[in-house]
Amino acid sequence: MNDPTDTPTRLRYRETGKLHMDFHRTINGTIGYLRKNFGREVLDAGFRRTAHDVYRAIWDELKAGDTRQLVEHWRYFFGREGGEFEITEDGDEIRLTVSRCPAIAYLQREGIAIDPDFCRQTIVVNAALAEETPFEITTEVLGNGRCVQTIRRRHDSE
């Protein structure tokens, strides 16, 4: 169903080596450190830079009106990490419904306190990916590793 090997080769960001879920522990700790020591503005600036620099190929395609690489990115990484999710398309709206976030599940399984701004990374990265594009991306955090991420054409870009 959510087999990451079914993802087309278009995806630029594809790690195929050993899966290291401890990456999420590091991100969680870094988020807490930056927020506590430098504030949310610095944290958000880092998230925006990640969207624009690290995920530049996705952002460039979104600016060109193409959502395929972002959707492939969602499918590949949620599948690779064992997330429970569904991606639905309805006209100009694409929705990623996450019922089990693999990062949150890992942190919980390891007994690691989840930083209050852990999911903020998704909210801010998505918003930054939508900048200068014909799309808006909303992220609704539902709690306990569940969220809904929706990409849709802006009404003002029609």
Pairwise distance CD1(Ile58) to OG1(Thr67) - rounded to 0.5 angstrom: 11.0 Å

Any chain of hydrophobic side-chain contacts (each under 4.5 Å) joining Phe47 to Ile123? no

The reported gap from CG in Asp117 to CG in Leu34 (rounded to nearest 0.5 angstrom) is 10.5 Å

Verify the cluster assignment for Trp74 and Leu142: are they in a single hydrophobic cluster under the rule of side-chain heavy atoms below 4.5 Å apart? no

How about CZ on Arg100, more than 12 heavy atoms from neighbouring residues, nucleotides or ligands closer than 6.0 Å, or not? yes

Not counting sequence neighbours, which residues clear salt bridge (Lys or Arg N to Asp or Glu O under 4.0 Å) with Arg120? List them please. Asp44

So, do Ile104 and Cys119 sit near enough that their side-chain heavy atoms are less than 4.5 Å apart? yes

Applying side chain to side chain contact (heavy atoms under 4.5 Å, CB included), run through Thr139 and Gln149 and close with a yes or a no. CA-CA 4 Å; Thr139 307; Gln149 300 175 48; 3.9 Å; yes

For the residue pair Gly65 and Pro134, what are the closest heavy atoms and their distance? CA-CG, 3.9 Å

From CA spacing to verdict: side chain to side chain contact (heavy atoms under 4.5 Å, CB included), Asp60, Lys63: CA-CA 5 Å; Asp60 285 344; Lys63 287 191 277 187; 3.4 Å; yes

Non-hydrogen atoms of Gly83 and Pro102 that approach each other most closely: CA-CD, 3.7 Å

Using atom types as modelled and distance alone, determine if a side-chain donor or acceptor of Trp59 lies under 3.5 Å from a backbone N or O of Glu131. yes

Check whether the side chains of Gln108 and Asn144 place a donor and an acceptor atom closer than 3.5 Å, and report yes or no. yes

Side-chain heavy atoms of Tyr55 within contact of Leu62, under 4.5 Å: no

d(Asn28 CG, Tyr33 OH) to nearest 0.5 Å is 15.5 Å

From Arg56 atom CZ to Thr50 atom OG1, the distance as rounded to the nearest 0.5 Å: 12.5 Å

Of all heavy-atom pairs linking Ala103 and Met21, the shortest is N-CE, 4.5 Å

Please tell me if the side chains of Arg146 and Val98 come closer than 4.5 Å, counting only heavy atoms from C-beta onward. no

Less than 4.5 Å apart, side chain to side chain, heavy atoms only: is that true for Ile151 and Leu129? no

Could you give the distance from CD1 (Ile94) to CG (Leu70), rounded to the nearest 0.5 Å? 7.5 Å

Just one of Arg95, Glu136, Glu93 clears the side chain to side chain donor-acceptor pair (under 3.5 Å) bar with Thr150, so which one? Arg95

Side-chain donor/acceptor of Arg154 to backbone N/O of Thr133, under 3.5 Å: yes

Is it the case that over 12 heavy atoms from other parts of the model lie below 6.0 angstrom from the CG atom of Asp90? no

Within a strict 4.5 Å, meaning less than it, do heavy atoms of the Ile27 and Phe118 side chains meet? yes

Distance in Å, Glu72 CD paired with Glu61 CD, rounded so as to fall on 0.5 Å steps: 8.0 Å

Val148 with Ile87, same ILVMFWY side-chain cluster at under 4.5 Å: no

Is the ring pair Phe78/Phe85 parallel, tilted or perpendicular, if the boundaries are 30 and 60 degrees? tilted

I'd like to know whether Arg75 forms a side chain to side chain contact (heavy atoms under 4.5 Å, CB included) with Leu96, so could you lay out the CA-CA distance, the side-chain angles of the two residues, the decisive distance to 0.1 Å, and finally the verdict. CA-CA 9 Å; Arg75 185 172 285 117; Leu96 167 66; over 6 Å; no

Look at the side chain of His24 and the backbone N and O of Leu107, then say whether any donor-acceptor pair between them is shorter than 3.5 Å. no

